[in-house]
A.B. asks: 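I have a structure I would like to understand better, so I am pasting it below and will then ask my questions one at a time.
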Amino acid sequence: MDCPIFFFFLLLTLLPTLSAGFPRSKLLTLELEQSQTPTPTPTTFFQVTRPITPPPNSTHCSTLVLTHDFAYTYTKPPVTSLYNPPTHCTPRAPPSLAVLEFSSTCIGRQFDRIFGVWLGGAEILRSCTAEPRASGIAWSVQKDITSYSSLLSRPQTLAVYLGNIVDATYTGVYHVNVSIHLYFDHRAADKKKASAAAAAGFGSPADLIVPLSRPLPLNDGLWFQVNDSTDIETEQFVVPANTFRAVLEVYVSFHSDDEFWYSNPPDEYISANNLSSPGNGAFREVTVSLDGDLVGVIWPFTVIYTGGINPLLWRPITGVGSFDLPTYDIDVTPFLGKVLDGKKHTIGFGVTNGLDVWYVDGNLHLWLDSKSSYTVGSLIEYKAPGFRPSLVSKFKGLDGSFDTRAHRQISATGWVKSSHGKITTNFFQRLDYENLMEFKGNGSVQVVNQTIEFSYGTYAKHPATVLYSEQVYRKFPLYLYTGSSDEVNDSYSLDANVMLGYDEKRFSGERFGFSFSTLRNLQNAQGTMYVKGNLVTGGLGSTQEVYRYESTEGCYFRNVSSSNYTILHDESGNSCTEDLGYSSIR
Ligand SMILES: *[C@@H]1O[C@H](CO)[C@@H](O)[C@H](O)[C@H]1NC(C)=O
Ligand SMILES: *[C@@H]1O[C@H](CO)[C@@H](O)[C@H](O)[C@H]1NC(C)=O
Ligand SMILES: *[C@@H]1O[C@H](CO)[C@@H](O)[C@H](O)[C@H]1NC(C)=O
Ligand SMILES: *[C@@H]1O[C@H](CO)[C@@H](O)[C@H](O)[C@H]1NC(C)=O
Ligand SMILES: *[C@@H]1O[C@H](CO)[C@@H](O)[C@H](O)[C@H]1NC(C)=O
Ligand SMILES: *[C@@H]1O[C@H](CO)[C@@H](O)[C@H](O)[C@H]1NC(C)=O
Ligand SMILES: *[C@@H]1O[C@H](CO)[C@@H](O)[C@H](O)[C@H]1NC(C)=O
Ligand SMILES: *[C@@H]1O[C@H](CO)[C@@H](O)[C@H](O)[C@H]1NC(C)=O
Ligand SMILES: *[C@@H]1O[C@H](CO)[C@@H](O)[C@H](O)[C@H]1NC(C)=O
């Protein structure tokens with residue numbers, strides 16, 4: 001067998017004890033290097049992102065919520081601890097900033113492990129561990145969790161599921177601390193804009209978060225497992241009768257047969273070549289339904305975990321989003337009229353074309369009317385036309401090309417009447433997908449060139465005036481080249497080139513102001529690795545990343561590159577370029 005991607009699949013089938021629930025990239029971890037010095041210095045891994053800046057002159061309370069050594073934790077219950085709101089700085093107002101900090105050290109040899117952090121059943125972080133070295137590693141993830149403020153004011157169970165296996169070969173134990181930092185800005189209340197949109201909760205955290213996840217106790221993550229394209233995982237929920245706005249936030253990660261879904265060839269290619277590897281083509285879509293109606297979809301960003309493709313590429317600069325996976329918001333306010341009856345309703349998560357396994361769950365963020373005990377609403381218009389991705393296949397034997405394209409639009413409009421007036425909300429999604437896949441050299445070379453464009457937005461208006469609008473335009477370009485040698489005696493080599501981009505423009509506006517931000521985050525990585533069994537025995541990886549964030553609230557820039565674990569160049573700053581590019585919003 002000489003096709004690189006298929007070779008990974010073959011290995012998977014040889015490792016039944018480590019199957020489902022782990023990234024396929026677990027198949028590749030490094031041969032233990034000799035530690036050069038008696039007191040080795042750990043390597044610090046990081047994901048490039050902009051730092052979180054606390055408000056000036058704010059009071060700060062930190063709580064270490066959980067400390068645990070994750071050794072043999074696979075198929076065990078999540079590790080839990082009790083979060084108590086800090087009493088030592090007696091907050092009277094909600095925090096103006098809340099930050100979750102996950103920090104970890106590890107030494108030895110271990111695979112990348114997916115993990116989740118839940119507070120009161122609501123997921124607040126989906127992440128992947130870094131793969132350790134003999135000399136040790138350390139990393140930390142900071143995430144702004146201000147949108148979950150309503151959970152932070154009461155005692156809650158914090159749960160972490162990180163399924164790890166420790167044996168004679170895979171020795172790495174993840175030592176983990178989870179802390180929550182709250183910042184109280186005493187001047188914030190005075191500064192608060194007195195606009196109708198602000199009064200109606202736009203730009204403020206929800207009053208209530210309803211988790212759409214599996215409840216404890218269980219011996220796994222609280223996420224739902226979607227195993228195939230027919231599997232719809234459902235959860236029932238009830239919303240308070242005085243809800244006037246609702247946004248569903250979805251967490252998604254893909255593993256095993258679908259870890260590299262964007263490189264899966266169509267079934268016709270698999271069967272024509274009699275291969276025993278996953279297919280279903282390269283298009284995937286996470287569907288979200290409410291009482292059976294599709295309310296939104298997710299065409300996900302192609303996160304590459306820290307052991308993915310060639311683990312040497314992600315040391316110490318890890319893949320875009322790998323330490324803090326992106327989440328996706330679906331505004332379900334137009335549908336509120338259908339669920340304000342105090343009865344149980346059902347959310348369903350599915351994956352179009354999905355293979356084993358996707359981890360999906362969500363949080364329903366709800367804004368409640370403090371001045372009335374009930375609200376009423378109705379759906380006015382809803383369009384979610386069916387669609388089918390197009391596929392043009394050309395292949396002979398193991399060589400060929402596949403062009404997959406898809407486009408869809410979803411739009412819903414509905415009104416809700418509350419003490420804020422009768423607000424009509426439109427939510428839309430517009431998505432475009434193109435994937436060009438090529439096999440050459442009798443299947444030994446695979447090239448994938450994929451672009452997802454995913455825009456969505458909310459418009460809220462009173463009968464005569466626009467109240468608030470938000471538009472987000474996301475673009476996820478991916479280019480992947482892999483070329484492998486023939487496998488001899490359980491050994492092969494692989495050359496890989498990866499280009500991974502995450503671009504986002506965000507515009508939000510109301511009558512008295514607007515904010516705008518643009519992010520361009522582009523990673524290029526190249527490397528060669530030598531593999532024996534499932535151990536990388538040698539090779540070299542280099543990575544370059546340019547991150548540029550510009551916004552009406554401030555800017556951040558970083559240009560960093562590494563090779564063979566060493567940072568070659570690292571430049572960062574927070575000056576804005578002159579043109580913030582408002583004109584290029586569309
Ligand atoms: C291509 O690969 C297949 C499967 O590994 C092998 O049977 C065939 O002989 C190869 N063809 C050439 C031209 O190398
Ligand atoms: C912060 O406090 C210091 C003195 O306590 C004051 O000089 C400064 O202006 C304050 N900064 C802001 C942004 O309010
Ligand atoms: C966790 O916190 C303890 C106590 O502050 C500290 O000694 C330890 O080094 C921390 N570990 C990590 C991985 O941050
Ligand atoms: C999905 O797979 C998991 C693990 O094999 C299994 O526990 C679960 O029952 C499966 N779910 C469905 C709906 O088949
Ligand atoms: C396809 O693979 C199966 C199982 O490996 C084998 O039994 C069968 O002979 C193969 N068929 C062809 C046409 O190569
Ligand atoms: C990827 O495909 C697009 C067309 O969809 C093309 O413009 C672009 O140049 C390709 N990128 C690479 C690296 O080949
Ligand atoms: C493969 O392994 C066999 C037995 O260990 C050995 O004789 C042979 O030389 C090896 N071949 C290569 C190309 O390394
Ligand atoms: C990033 O740094 C590299 C190396 O110094 C340089 O060649 C490149 O032009 C820089 N890119 C940007 C966008 O500044
Ligand atoms: C990578 O760095 C190590 C020392 O950390 C060195 O021994 C090795 O030769 C380097 N590899 C390459 C290909 O430069």
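In this chain, residues are counted from 1 in sequence order. Order of appearance sets the numbers: ligands from 1, and atoms from 1 within every ligand.
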A.B. asks: Do NZ/NE/NH1/NH2 and the carboxylate oxygens of Arg520 and Asp503 come within less than 4.0 Å?
C.D. replies: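 The answer is yes: the pair qualifies as a salt bridge.
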A.B. asks: When you look at Asn164 and Gln110, which way does the side chain to side chain donor-acceptor pair (under 3.5 Å) test go after all the steps?
C.D. replies: CA-CA 9 Å; Asn164 194 24; Gln110 193 51 266; 3.1 Å; yes
A.B. asks: Measuring centre to centre across the rings, with the benzene-like ring taken for any Trp, is Tyr251 within less than 6.0 Å of Tyr359?
C.D. replies: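 No, the ring of Tyr251 stays outside the 6.0 Å limit from the ring of Tyr359, centre to centre.
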A.B. asks: How about Phe46: does its CZ atom have over 12 heavy atoms from other parts shown lying under 6.0 Å from it?
C.D. replies: yes
A.B. asks: For ligand 8, run through the N/O pairs with the protein that fall under 3.5 Å and put one pair on each line.
C.D. replies:
unit_1: ligand 8; atom_1: 2 (O); unit_2: Asn559; atom_2: OD1; d: 3.3
unit_1: ligand 8; atom_1: 2 (O); unit_2: Asn559; atom_2: ND2; d: 2.3
unit_1: ligand 8; atom_1: 2 (O); unit_2: His569; atom_2: NE2; d: 3.2
unit_1: ligand 8; atom_1: 5 (O); unit_2: His569; atom_2: ND1; d: 3.4
unit_1: ligand 8; atom_1: 5 (O); unit_2: His569; atom_2: NE2; d: 3.4
unit_1: ligand 8; atom_1: 11 (N); unit_2: Asn559; atom_2: ND2; d: 2.8
unit_1: ligand 8; atom_1: 14 (O); unit_2: Asn559; atom_2: ND2; d: 3.3

A.B. asks: Which pair of heavy atoms, one from Asn559 and one from His569, lies closest together, and at what distance?
C.D. replies: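 Nearest heavy atoms, Asn559 then His569: O-CD2, 3.5 Å.
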A.B. asks: With heavy-atom distances below 4.0 Å as the criterion, list the atoms of ligand 1 near Leu398.
C.D. replies: 2 (O), 3 (C), 4 (C)
A.B. asks: Are the charged groups of Arg558 and Asp570 less than 4.0 angstrom apart, N to O?
C.D. replies: yes
